[in-house]
Structure formats: C-alpha cells, structure tokens
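In what follows, chains carry the letters A, B, and so on, assigned in the order in which the sequence lines appear, proteins first and then strands, with residues in each chain numbered from 1. Note that the coordinates shown come from a computational prediction; the quantities given were computed from them, not determined experimentally.
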Amino acid sequence: MRLVSFPLPVPASLLLRLMTLIVVFMGVVGCSTIKSITAGTDSKEFFRSREQYVRLVKQDGPKGVKIPPNEHPVLLEPGQLRTALGSLEFVLPNKDKSSPVFEKPELDVLERYLSNALEKAGPDEDVVFAVVGDYLAVYGLAKEQMYTAARVFYRDGKLNLIFGEIHGKYWANVDRRIYPLAPGSRTVPAKHEWKLLGYPYQEFYMGPDGQRTDWLVIDLAAMTARAAMGEKETPTMPPHPKTVEERLKMLDELRNKKMITEDEYKMKRTSILNEL
Amino acid sequence: MKRFSFSSAILGLMGCAALALTATTPAHAGFVVGGENGWQFSVDGMINVFMVYDAKDQLQYRDGTIKAASPYSELQSFRIRTGLLPSIFGFNVKSPTINGVDYAARLGLYPQIQNNGTRTGLGPGSPIDQGTSVDIREVFFTADGKFGQFLIGRALNLYEGKNILTDMTLMGNGVPLNMTGGGVDLGHIGYGYTYTSFGPQFRYTTPDMQGFKVAFAIADPSQIDGATTINQPRFETELSYAKDFGSWKLNSWLAGLYQQAKFNGSGHKVCSLGGAGGLQAWFGPVEFLLSGFGGQGIGMGLTQDDAAALDGANKERVTFGGLTHVTYTIGKAKIGAQYGINYADRTEADNATVGFDGVKSKQAVTGGVYYNLTKSLLLVGEYTWAMDQYYDSSRQTQNIVSLGTIFTW
C-alpha cells in the first residue's frame with residue numbers, strides 16, 4: 001500500500017523525465033546558440049585586459065528620442081586627451097582632499113586606446129571604457145583595486161564624459177551580467193557620492209531635469225589655449241545643483257524672453273514641481 | 001572609493017567565500033601586492049563567529065507520544081560556532097594577459113573555530129580538538145579569454161552551486177548541524193536544496209552570450225550512498241541567464257547532474273540524475289528568490305553521498321525541494337524571510353518495510369537581520385524554526401536563535 005502523501009500533482013517518473021529533458025535541452029541549446037549569439041560581439045573592442053575594456057557601442061538614449069549625432073570620427077591633438085583626463089579630480093563626502101580620477105597606468109591605457117577608438121567611431125557611436133587601478137591601502141602596505149567607468153563622445157567641439165563610476169570598489173570575477181562595470185548613461189544619471197572638481201574649461205551638462213554632475217563637458221580648445229597662455233589652473237568645487245526656486249525663476253525668464261513656448265513652459269514647470 | 005553599501009559588502013563576503021554569483025571562479029577583492037609587471041598576488045578572506053542557541057522538542061508522534069527520548073543535553077544547547085560558511089583565507093595569483101588569455105590561480109583555506117565537543121579539558125571534544133583540520137576547499141586555476149573560461153582544479157561544484165549561493169543564510173547560520181560536535185552549520189542545506197560540495201573538476205564556461213552562459217563540467221565522481229565502485233566521472237551542466245535591466249536585475253539558472261556507480265560484489269548499478277534551477281530578481285531594495293531541485297540518487301542533505309539517495313533495496317529514491325525568500329535592504333541593513341523544504345519520495349521497498357520510519361520532509365523558516373556596521377564588519381541576527389518529519393508520522397521541531405558577526409577583508 002502506498003502511504004506517501006506526495007504534494008506534487010505529478011508522479012516521480014514524470015518529474016525525472018522532465019529533468020532529463022531539461023538537461024539535454026540545455027546542452028543542445030547551449031551548443032547551437034554559441035556561434036549565432038557571439039558573432040561580432042567583440043569586433044569593435046580596442047582594448048581588453050581581464051575585465052577592463054575600451055570599445056565602441058551605439059549611442060544610448062531614451063526610446064523614441066533622436067540623439068544628436070556625435071562629431072565622430074575625431075582626431076584629437078597629441079597629448080590633448082591625456083591632459084584632459086589627467087586633470088580630472090574628485091572629492092568624497094566628508095573629505096577635504098581631492099584625488100585624481102586617473103593614475104598613470106590608467107592614463108597610459110586611455111591615451112592610447114581611447115584616442116584610437118574616437119578616431120574609428122561613427123557619428124552614432126560612443127566609446128565606453130572601464131579601467132581598474134591599484135590604490136594604496138593598509139597604511140601603504142598593500143593596495144586595493146578600484147575601477148572607473150565612463151561613456152565618451154565628442155560633440156559641438158567638446159569632449160563629453162558620462163561617468164558610471166569613479167573609484168568604485170572592484171570585486172574580481174563577480175557575475176558581470178548582474179554587476180557590470182557600467183559606463184554612464186545619457187538617460188539615467190549615475191547614483192554617486194563623489195563630486196568632480198571643475199576647471200574653467202569644464203562644465204556639467206545641463207539636461208532637461210537639471211544639472212548632471214556625472215556628465216562632464218570639456219572644451220579641449222579652451223583647455224589647450226589656457227595651457228598655451230601659461231595659466232596655472234586650480235580645480236574648484238562644482239556649483240551646487242540649482243534649487244527648485246532658482247529653476248522656476250530661470251524658467252520664468254526664459255518664457256519672458258520668449259525663448260520657450262507656453263506649452264514648453266507649462267510642461268517644464270509641472271516637471272519641476274513634481275519633484276517636490 | 002571608500003564608499004559602502006549593503007550590496008557591495010555582501011558581494012565582497014560572497015566573493016571571499018569563493019561563492020560568487022558566477023558559476024565559474026570566485027569573486028574576491030582583498031588586498032593586492034605587486035601588479036607592476038602584470039603579475040599580481042592578492043589576499044582575501046573572512047572570519048565569522050556565531051552564538052547559537054538551539055531548543056529542540058523530543059522526537060514524537062502527532063499525539064505527543066515520545067518516539068525516542070533524547071538526553072536533555074541534546075535538546076537545549078548553546079554554542080559559539082562557525083555559521084554556514086567556515087572562515088576563509090584566500091590567496092590569489094593573476095598573470096598578465098598572455099596571447100589574449102588571462103590566467104589566475106586560487107588557494108582557499110577554510111578553517112573553523114568551534115570545538116568538537118563540550119569538554120574544557122584535554123582529549124577528544126576538548127578545546128584542542130576542533131574536529132576539523134584546515135579545510136582546503138579551493139585549489140584551482142582558470143584561463144579566461146574570448147573563448148570563455150576553463151576552470152581546472154578543486155572548486156565549488158556546478159550542480160546546485162547557485163542554489164546555495166543564493167541562500168539568504170549564506171552569511172548566517174540557519175539550522176545547526178551538530179550542536180555538541182564540530183563542523184559548520186547548515187543554513188538551509190537539507191531544507192531547500194542539497195549540498196553540492198567542493199571537488200576536483202574540469203569545467204568550461206562559454207562567454208557571455210547576450211546574458212546567456214552555458215557551463216559543462218567533468219567532475220570527480222561521488223559514491224552514491226553505499227555504491228562505492230565508480231568507473232566514470234560525474235557530468236554537470238548549467239545554463240544561466242542574468243542581466244541588469246537598469247531598474248531591475250535578474251539571475252536565473254538551470255542545472256543538471258548525471259553519474260553512475262556500482263555496489264561492490266553484486267555489481268548492482270545505480271544512477272544519480274538531478275535537475276536544479278532558480279530565479280532571483282532585484283527590484284530596487286527588494287530581492288526575491290525561488291529555487292528548487294529534484295532527482296533520483298541525489299539525497300536530502302549531501303548531494304549523492306546521502307542515506308536518502310537510495311532505499312533499502314538499493315534503488316534510487318526521488319528527492320526534491322525548494323527555497324524561497326524575500327529580502328528588503330534599507331541603507332546598511334537587510335531584513336529577510338526565507339522558507340525551504342526538502343522532500344523524500346517513498347519507494348516500493350519502503351512500502352514493503354513494516355513500520356518504515358525514513359525521513360519524509362525537512363522544512364525550515366528563517367527570519368534574519370543583516371547589518372553592516374562598517375564596510376568590513378557584518379552583524380547578523382537570525383531566528384529559525386525547523387521541523388523534520390518521518391514516514392511513521394513522527395516529527396521533531398527545533399527553534400534556533402543565532403547572533404553573529406563576520407569580519408571580512
């Protein structure tokens with residue numbers, strides 16, 4: 001007599017057959033899809049060392065919105081990119097001292113491969129990168145690994161960097177499908193605590209929802225000109241994002257100057273007030 | 001950047017535990033030495049310590065009649081022990097990229113802290129008898145390239161690997177294994193999945209194919225309950241799909257296992273055939289998990305090498321189980337609730353046995369709070385209720401409270 005009170009509505013033999021089918025299916029699907037899925041995935045990779053990369057990707061942006069084309073390909077003056085990236089500094093909350101975003105080994109990689117990628121990129125392509133650096137820890141006795149990832153493109157004569165992370169803790173070999181070393185995005189601002197310091201030739205991108213402190217726009221020509229004039233630059237703290245009151249006043253001014261339509265005014269005003 | 005969040009801390013803990021979400025190599029951060037010439041040495045690890053109080057009821061029938069009286073010392077216990085994971089000291093070597101291939105090697109030592117018994121003097125069960133040597137769970141090297149990854153050596157097995165990795169009590173204690181002896185505790189091993197263990201293997205994992213990965217392993221075989229003659233490897237495979245969709249993340253997998261073994265003398269052949277799978281998703285601060293396994297010759301606790309894998313006639317028994325949890329992260333704290341059950345089917349031989357009293361099911365519920373005091377220090381509080389049921393309608397319940405801390409580097 002069978003006494004079992006089996007809670008599943010299927011007999012055990014059927015369960016076994018089902019599992020066998022799953023195992024066989026996985027093998028067949030896995031083998032047959034490798035070629036088709038991986039075809040061409042790395043054709044526009046300019047640098048890869050373990051999980052570090054420099055590669056071209058299609059421009060990102062909100063669905064249904066046409067993104068202005070980049071001025072790609074672009075050939076930057078020798079040393080210009082290194083100077084721009086090497087000058088970047090950031091501070092952390094409750095820290096007085098700033099730190100450079102990139103150290104020499106990362107600059108060596110980016111100067112070579114980022115320049116190369118920008119030369120080969122199309123107008124509808126961005127360059128994305130992630131680099132891992134070693135930073136002193138345990139009172140200088142050892143090092144910790146940190147990563148920085150960003151999206152780069154050249155438009156309106158300026159270099160745009162959208163950071164996904166600056167000096168994020170690097171955990172090796174975690175599943176990057178879930179925890180990617182993600183570059184920044186035009187659509188979703190990166191959640192961050194770091195604050196980039198600014199130079200006179202740099203500004204934060206002003207988006208429809210306000211200032212993007214993860215999106216730096218660098219005027220390379222102005223940078224080069226100021227350097228040629230021998231001006232000694234000191235980075236400064238970025239301006240605080242505008243308050244709601246300031247943004248509403250700015251919106252009023254734009255309407256009074258007839259720089260925006262009444263519909264645009266109303267839509268934007270509602271958007272700002274919705275943030276409260 | 002010296003920032004800190006619960007998820008990053010857990011990631012680190014999982015990493016140094018050599019139990020990363022990837023089915024391939026362990027994650028680890030730790031401290032790095034060298035690297036200037038491309039060769040790099042790093043050290044990672046953790047130590048965990050739990051105060052565990054376990055109160056068991058007597059094994060009794062539904063009407064309250066005691067089936068087998070246990071001594072009081074086994075019904076109420078307090079110990080200071082290792083949780084589900086032992087402590088870890090991990091040593092890693094990485095090569096520079098050589099002809100497009102990245103090589104790495106890892107040695108993972110897993111020591112434990114608890115005494116084997118309750119004596120304060122010398123001899124077995126005393127503080128100098130931990131009942132365990134240093135457990136060398138990981139000795140492997142990997143080769144990574146555009147072709148994917150080869151992992152060769154001793155590492156966490158593939159089948160049900162992700163089931164344990166996604167257990168909420170991985171960084172906790174869950175159900176104790178043996179309160180008066182040594183060894184790690186169970187978490188929800190046996191109460192939602194079986195323990196796949198670490199073992200020697202050759203494993204290949206494909207590259208990321210738009211979120212899909214397939215892994216195959218030829219693994220060192222295990223005896224199947226009492227069937228100890230083994231002349232073929234164990235085959236394991238896993239298909240996984242994982243992706244960060246921006247507003248939410250998904251981790252999913254299907255895994256399979258196949259192996260045969262024979263009984264000495266009779267030559268009677270038995271087979272382990274198992275499937276496993278799971279879905280894990282994050283929606284902002286909320287994480288949800290549903291995982292399960294099932295198969296024949298798999299057992300209830302230890303995969304394959306388990307008394308429930310075969311019946312009295314040495315025929316494969318079907319067992320299956322599942323685990324589900326929901327967690328919510330608030331700043332540095334995570335709270336969660338988890339339920340898991342394993343179930344053993346009854347065979348013809350069982351039915352022919354008068355008064356058959358084999359294990360029928362093991363289920364447990366855990367509520368936990370996991371709080372990161374600093375980026376290196378996790379505080380854990382758990383309450384677990386567990387019940388083992390047997391086919392003669394007897395059962396035993398236990399209530400476990402555990403408070404612990406995990407230091408990681």
Completion exercise
Sequence neighbours excluded, the answer for side chain to side chain contact (heavy atoms under 4.5 Å, CB included) partners of Phe235(B) is Ile218(B), Pro233(B), Tyr258(B)
Exercise for the section: Could you tell me which of Gly100(B), Ser361(B), Ser95(B) has the largest number of non-hydrogen atom pairs under 4.5 Å with chain A? Expected result: Ser95(B)
Handout entry: chain A interface, residue from Gly277(B), Ala242(B), Gly246(B) that has the most non-hydrogen pairs under 4.5 Å
Key = Ala242(B)
How about [atom1] on [X], more than 12 heavy atoms from neighbouring residues, nucleotides or ligands closer than 6.0 Å, or not?
| X | atom1 | value |
| --- | --- | --- |
| Lys104(A) | NZ | no |
| Arg395(B) | CZ | yes |
| Lys315(B) | NZ | no |

Exercise for the section: First locate atom CH2 of Trp409(B), then atom CD of Glu144(A), and finally report the distance between them rounded to the nearest 0.5 Å. Expected result: 14.0 Å
Exercise for the section: Kindly compute the distance separating CG (Asp244(B)) from CG (Asp175(A)), expressed to the nearest 0.5 Å. Expected result: 11.0 Å
Practice task
Determine, stepwise, if the pair Ile178(A) / Asn251(B) fulfils side-chain contact (heavy atoms from CB on, under 4.5 Å).
Solution key: CA-CA 7 Å; Ile178(A) 307 172; Asn251(B) 178 33; 3.5 Å; yes
Practice task
List the steps, then state whether salt bridge (charged side-chain N to carboxylate O under 4.0 Å, His left out) holds for Lys94(B) with Glu51(A).
Solution key: CA-CA 13 Å; Lys94(B) 284 184 179 179; Glu51(A) 295 185 305; over 6 Å; no
Problem - Short side-chain donor-acceptor distance under 3.5 Å, Arg48(A) and Thr97(B) - result: no
Exercise for the section: Find out whether Lys243(B) and Pro180(A) are in side-chain contact, i.e. whether some heavy atom of one side chain is under 4.5 Å from a heavy atom of the other. Expected result: no
Handout entry: Gln259(B): partners by side-chain hydrogen bond (donor to acceptor under 3.5 Å, both in side chains), with sequence neighbours left out
Key = Gln304(B)
Handout entry: Contact origin within Ser393(B) toward chain A - heavy atom pairs under 4.5 Å
Key = neither
Completion exercise
Cut-off 4.5 Å, heavy atoms of chain A, and the answer for Tyr159(B) is neither
Practice task
Would you please test Arg177(A) and Phe212(B) for side-chain contact (heavy atoms from CB on, under 4.5 Å) and show each step?
Solution key: CA-CA 9 Å; Arg177(A) 296 173 295 176; Phe212(B) 286 96; 5.6 Å; no
